[in-house]
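As structure tokens, the structure follows; a few thoughts come after it.
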Amino acid sequence: MDGYDAHSIEKKWQEVWETEQAFHVDDPTPGEEKRPRFYQLEMLPYPSGHLHMGHVLNYTLGDVVTHFRRRTGHEVLRPMGFDSFGLPAENAAIREGGNPLEITERNIASISNQMRRMGWAIDWQRVVSAHEPTYYRWTQWLFLEFLRNGLIYRKEAPVNWCPNDQTVLANEHVVDGRCWRCNAIVEIRNMAQWFFKITAYADELLADLDTIDWPERTKKIQTNWIGRSEGAEVLFRVEELDLDIPVFTTRPDTLFGATFFVVAPESPLVDRLVEGTELAEEVRGYARVAGARPTEEREQREKTGVFTGRYAVNPVNGARIPIWVADYVLMEYGTGAIMAVPAHDERDREFAEAYDLPVVEVVSDDGTLVNSGRFDGEDWQQAKRSIVEWLGEHGKGSPAVNFRLRDWSFSRQRYWGAPIPVIHCDACGIVPVPEEQLPVLLPEVDDYRPKGKPPLATNEEWINVECPQCGGPGRREADTMDTFVDSSWYFLRYCDPHNAEAPFLREKVDAWMPIDQYIGGIDHAKGHLLYSRFFVKALNDWGMLGFREPFQRLFHQGWVKLAGKRMSKSQGGVSPDQLIDQFGADPIRIYILFQGPADQDIDWTPDGIEAMVRFIRRLWRVVGDAARQPESPAGVDTPLARKAHETIRRVTDDIGRRFVFNTPIAAVMELVNELSKTPEDPAARFAAETAVSMLQPWAPHVCEELWGVLGHSRLWESPWPSFDESKLQRDTIELVLQVNGKVRDRVQVPAGLPEAELIAQARASEKVRSFVDGKEERRVIVVPDKLVNIVI
RNA sequence: GCCGGAGUGGCGGAAUCGGCAGACGCGAUGGCCUCAAAAGCCGUUGUCCUUCGGGGCGUGUGGGUUCGAGUCCCACCUCCGGCACCA
């Protein structure tokens, strides 16, 4: 047997798997399933030119789970696809010439090739790419369903505009006031945009977090983002105008302390309040200037405001309180108007101090109400309920819930995305493209650069069509869809990827979904992971599928860092291709998971990967030696055999229950070390087989080869090794002897000795005696088969 | 400010239910093999003291519970992440 040659081995087995389509899985036939199903998925990649180390970690992690589940008797669906619409390809086309389609397809070919070189166990017959008409046809179809069900609307609204990418961004993709892609400072613009009514599901998106097995911190991110507040809606009356203005408050108990009233500068109320009064000009002028300031500036500046000349009536005490317009009230939250309680709200107090407005304390330090009429003396928490109740009885308010979550704006003024399938008609308004005309194909354009209007709008031939309803002149929608729409349902398409009649068959989706294990970056916590949950809930409501959550279990891999910085497609970093050339895929796969828990960040070092090459070479030698030993007799019971059984127990538990992937490698290393020390042990072959079999999910190529050396074949579909509980029983154990909780000695004793016997063993120890002699023994603690602690 | 997560050797990390802290690996260092190198093999490697038998100290800091705490409780410090003029 020659030395270890990663490249020839890897090429050989990759060809076998390709020829056999070894990791393809058939659609389940109802009633005939032999094995339990397992849907393993990692977030699909964006097809930039090549993989980066973050991908390597992500997909190797999924690969280990895939192999483990396959070999423990599951039917495993592990597909792959490409999030192939989106800005980078379009920007590359603008920068370098060429067109986004060609660039994207070239990238997909190259990245697929790299995936094969990594040896990942993918069902290559189910590949799906967002930019293919066979896929986006159904994205468009789903758009029309959402529209029909009232979950999509078009509205003129203040939206986030990235001046660099020349497009609108969703709230979820503005990070610290900047564009998540290009880092440009985002502006607010008023534009007619398309929205998904995700807020319709706000309550459920929050409540159902309890039903899924996700990391706490991810649930927390979504919880914060949804931002549910419980309180009351209270009506304040402007008598002169015969107008009731609702406000939302989380503190109805402080209602008697409301000494003034504030309206947001952008609120349409401003006009109504001052119309025809002598203050009209001043107030409108202020509102225009204040409302136009960027949010960032508004946060930092001192609060400003003007009096409108109008008064509102506080419903609980009839007090007439002045109405102001001020920039610290936001139009986007609540009703765009507030009752101000300066005694119990820091912002209101700040404003009251600046403008010399009255402050009335209504909750005393001990938490009971004062200056609150009939509610005086009530505990403030009790008062929340009783005041709302009173308001209800008098038709002045009711319990209310408010959310931070905004609707998802998903129209983009760029080229490389799925066209939005509607037609604008002067006579009929917005008209959906009839289903039989789908897909609305993305046309060629001369210039991908957005110049004030979306690139599609420049293609006159494409944009001008007949209205499907009245036959009059119509214009196609020129905005395209955010790629997050594509990725909100791709995991469903994998279940039925070639369906030409529907996005998917419910029966197939219900058989595989929900995803048993989803793996991807935590950066998608409030974007993709929220949108997909929304999609599934809506589709379930329409009867298209039979579950309410897409991702039953979720895991976030850490970041691979180079000199403290995240490695990603945009930052270059270490190229997996070069590493495969230099070391082979198996050492990289082991390395990336051996560094630590997979959810923790990794600092890339080349030393580590060389160590993995050394380990594989060592394994190669040791297994080669073991292969020349006679077959291990059945039920062989030597220390080496026991070590092998113990290793099976550890590794199986680590992957299956604990979901850790570094310690199993250490466990196999221990077994290999043990084997190399006792190469002639009768259990040598058994130990070698065990080590190779269990390392296979990490290093499938070299393990397959070594499996052959040991006289077996087709490890990738061989059952996972099982351990014999009885082999784990020891005849002798090492008893730890402590004095006052400190370890003083260790002795070998037969297992299962009674307490008295163990104490006698402890007292017999010279070392123990040297600490105990001459002192008074106060207590003796015994942990059977483990430890004796003498307290003096 | 509110909410979540994390702090263990020179480094990455292990210790799963309160019971031997530092598994496994990197790095360092001494030796073997070799003309030499590569590869490989055998030692040492938390820290301080040591008469070389051992002993003291040690898991961010300070307290506590316990026979016994990296692990549980309280307070604090530092770092990372989420939300933030959200009424």
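So you know, we letter chains A, B, ... as the sequences are listed, proteins then strands, and number each from 1. These values consider heavy atoms only, across backbone and side chains, with no hydrogens, waters or symmetry-generated copies.
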Checklist entry - With rounding to whole Å, what would you report as the distance between B:G40 and B:G56 at their P atoms? => result 41 Å
Item to check | Pair A:Glu332 + A:Arg406: basic N to acidic O under 4.0 Å | outcome: no
Item to check | Main-chain N/O of A:Arg251 paired with A:Thr254 side-chain donor or acceptor, under 3.5 Å | outcome: yes
Item to check | Spacing between A:Trp225 atom CH2 and B:C86 atom C1', to the nearest angstrom | outcome: 12 Å
Item to check | Closest-nucleotide ordering on RNA chain B, the 5'-leading residue of A:Glu670 and A:Glu216 | outcome: A:Glu216
Checklist entry - Can you find a side chain N or O atom of A:Ser229 that sits less than 4.0 Å from OP1 or OP2 on B:A87? => result yes
Checklist outcome for this item: Going 5' to 3' through nucleotides 11-19 of chain B and flagging B where a protein heavy-atom sits under 4.0 Å of the base, S where only the sugar-phosphate is that close, and - otherwise, we get -SSSSB--B
Item to check | Single hit among A:Trp604, A:Phe583, A:Phe661 for ring pair (Phe, Tyr, Trp, His ring centres under 6.0 Å) with A:Tyr591 | outcome: A:Trp604
Checklist entry - Which comes earlier along RNA chain B counting from the 5' end, the contact point of A:Arg217 or that of A:Ala611, where each point is its nearest nucleotide? => result A:Arg217
Checklist entry - Are the side chain of A:Arg779 and the backbone N or O of A:Val791 linked by a donor-acceptor pair below 3.5 Å? => result no
Next on the checklist: With rounding to the closest Å, how many angstrom separate the C1' atoms on B:C57 and B:C2?
Outcome noted: 40 Å
Checklist entry - On a whole-Å scale, what distance lies between the P atoms belonging to B:G58 and B:G70? => result 10 Å
Checklist entry - Has the side chain of A:Asn317 got a donor or acceptor atom that lies under 3.5 Å from a matching backbone atom of A:Ala319? => result yes
Checklist entry - With sequence neighbours left out, which residue pairs that include part of residues 224-236 of chain A fulfil the side chain to side chain donor-acceptor pair (under 3.5 Å) condition? => result A:Glu172-A:Trp225, A:Asp203-A:Arg228, A:Arg228-A:Glu230, A:Ser229-A:Tyr333
Next on the checklist: Give me the distance, rounded to whole Å, that separates B:G22 from B:U45 when you measure between the P atoms they each carry.
Outcome noted: 12 Å
Item to check | A:Arg406 CZ to B:C86 C1', straight-line distance once rounded to whole Å | outcome: 8 Å
Next on the checklist: What's A:Phe771 touching, base or sugar-phosphate or nothing? Going by heavy atoms closer than 4.0 Å.
Outcome noted: sugar-phosphate
Checklist entry - Given atom CD of A:Glu346 and atom P of B:C2, what is their separation to the nearest angstrom? => result 11 Å
Checklist entry - ring-ring contact (aromatic ring centres under 6.0 Å, His included) with A:Trp408: which residues, sequence neighbours excluded? => result A:Phe196, A:Tyr531
Under 3.5 Å, which N/O atoms of the protein pair with N/O atoms of nucleotides 40-46 of chain B?
{"from": "B:G40", "atom 1": "O3'", "to": "A:Arg621", "atom 2": "NH2", "distance (Å)": "3.1"}
{"from": "B:C41", "atom 1": "OP1", "to": "A:Arg618", "atom 2": "NH1", "distance (Å)": "2.7"}
{"from": "B:C41", "atom 1": "OP1", "to": "A:Arg621", "atom 2": "NH2", "distance (Å)": "3.3"}

Checklist outcome for this item: Listing for RNA chain B: consecutive Watson-Crick or G-U pair runs of at least 3, distance cutoff 3.5 Å, ranges ordered by first number, gives B:1-7 with B:77-83, B:10-12 with B:24-26, B:27-32 with B:40-45, B:46-49 with B:54-57, B:60-64 with B:72-76
Next on the checklist: Using whole Å, what does the distance between atom P of nucleotide B:G56 and atom CG of A:Asn740 come to?
Outcome noted: 11 Å
Checklist entry - Is the backbone N or O of A:Gly752 less than 3.5 Å from a side-chain atom of A:Asp785, with the two atoms forming a donor-acceptor pair by type? => result yes
Item to check | Expected output: side-chain A:Ser765 to main-chain A:Val768 donor-acceptor under 3.5 Å | outcome: yes
Next on the checklist: Using the P atom as the point on both nucleotides, what is the distance between B:A87 and B:A15, in whole Å?
Outcome noted: 42 Å
Item to check | Whole angstrom value for the distance that separates P of B:C80 from CG of A:Asp523 | outcome: 18 Å
Item to check | Cation-pi check, A:Arg650 onto A:Phe723 ring (under 6.0 Å, within 45° of axis) | outcome: no
Checklist entry - Is A:Ile338 touching bases, backbone alone, or none of the nucleic acid, heavy atoms closer than 4.0 Å? => result base
Next on the checklist: On the nucleotide B:C57, are OP1 or OP2 found under 4.0 Å from the side-chain N or O atoms that A:Lys742 carries?
Outcome noted: yes
Next on the checklist: Between B:U66 and B:G19, how many Å separate the two C1' atoms, rounded to a whole number?
Outcome noted: 12 Å
Checklist entry - Of all the choices, B:A84, B:C20, B:A87, which nucleotide is nearest to the side chain of A:Arg404 once you look at every atom? => result B:A84
Checklist entry - In whole angstroms, how far is the C1' atom of B:A87 from the CE atom of A:Met339? => result 8 Å
Checklist entry - Whole-Å distance between B:G25 C1' and A:Ile602 CD1? => result 14 Å
Next on the checklist: In whole Å, I'd like the distance from the NZ atom of A:Lys220 to the C1' atom of B:A6.
Outcome noted: 17 Å
Checklist entry - So what does A:Arg649 hit on the nucleic acid, given a heavy-atom distance under 4.0 Å: a base, only sugar-phosphate, or nothing? => result nothing
Item to check | Anti/syn call for B:G60, syn if |chi| within 90° | outcome: anti
Checklist entry - Who passes side chain to side chain contact (heavy atoms under 4.5 Å, CB included) against A:Asn673, sequence neighbours left out? => result A:Arg618
Next on the checklist: Between A:Asn160 (side chain only) and A:Leu169 (backbone N and O only), is there a donor and an acceptor less than 3.5 Å apart?
Outcome noted: yes
Checklist entry - Under 4.0 Å: is that the gap between some side-chain N or O of A:Asn673 and OP1 or OP2 of B:G25? => result yes
Item to check | No-hydrogen, no-angle side-chain donor-acceptor test under 3.5 Å, A:Tyr286 and A:Thr304 | outcome: yes
Next on the checklist: Between B:U71 and B:C32, how many Å separate the two P atoms, rounded to a whole number?
Outcome noted: 46 Å
Checklist entry - How far does the C1' atom of B:G5 sit from the matching atom of B:G55, given to the nearest Å? => result 40 Å
Checklist entry - Since syn is defined as within 90° of 0, does B:C26 count as syn or as anti? => result anti
Checklist entry - Quick one: is B:G53 close enough that its OP1 or OP2 comes under 4.0 Å of any side-chain N or O from A:Lys767? => result no
Item to check | Candidate list A:Asn58, A:Leu554, A:Leu57, test side-chain contact (heavy atoms from CB on, under 4.5 Å), partner A:Ile519, passing option | outcome: A:Asn58
Checklist outcome for this item: Judged by whether its glycosidic angle lies within 90° of 0, B:G58 is anti
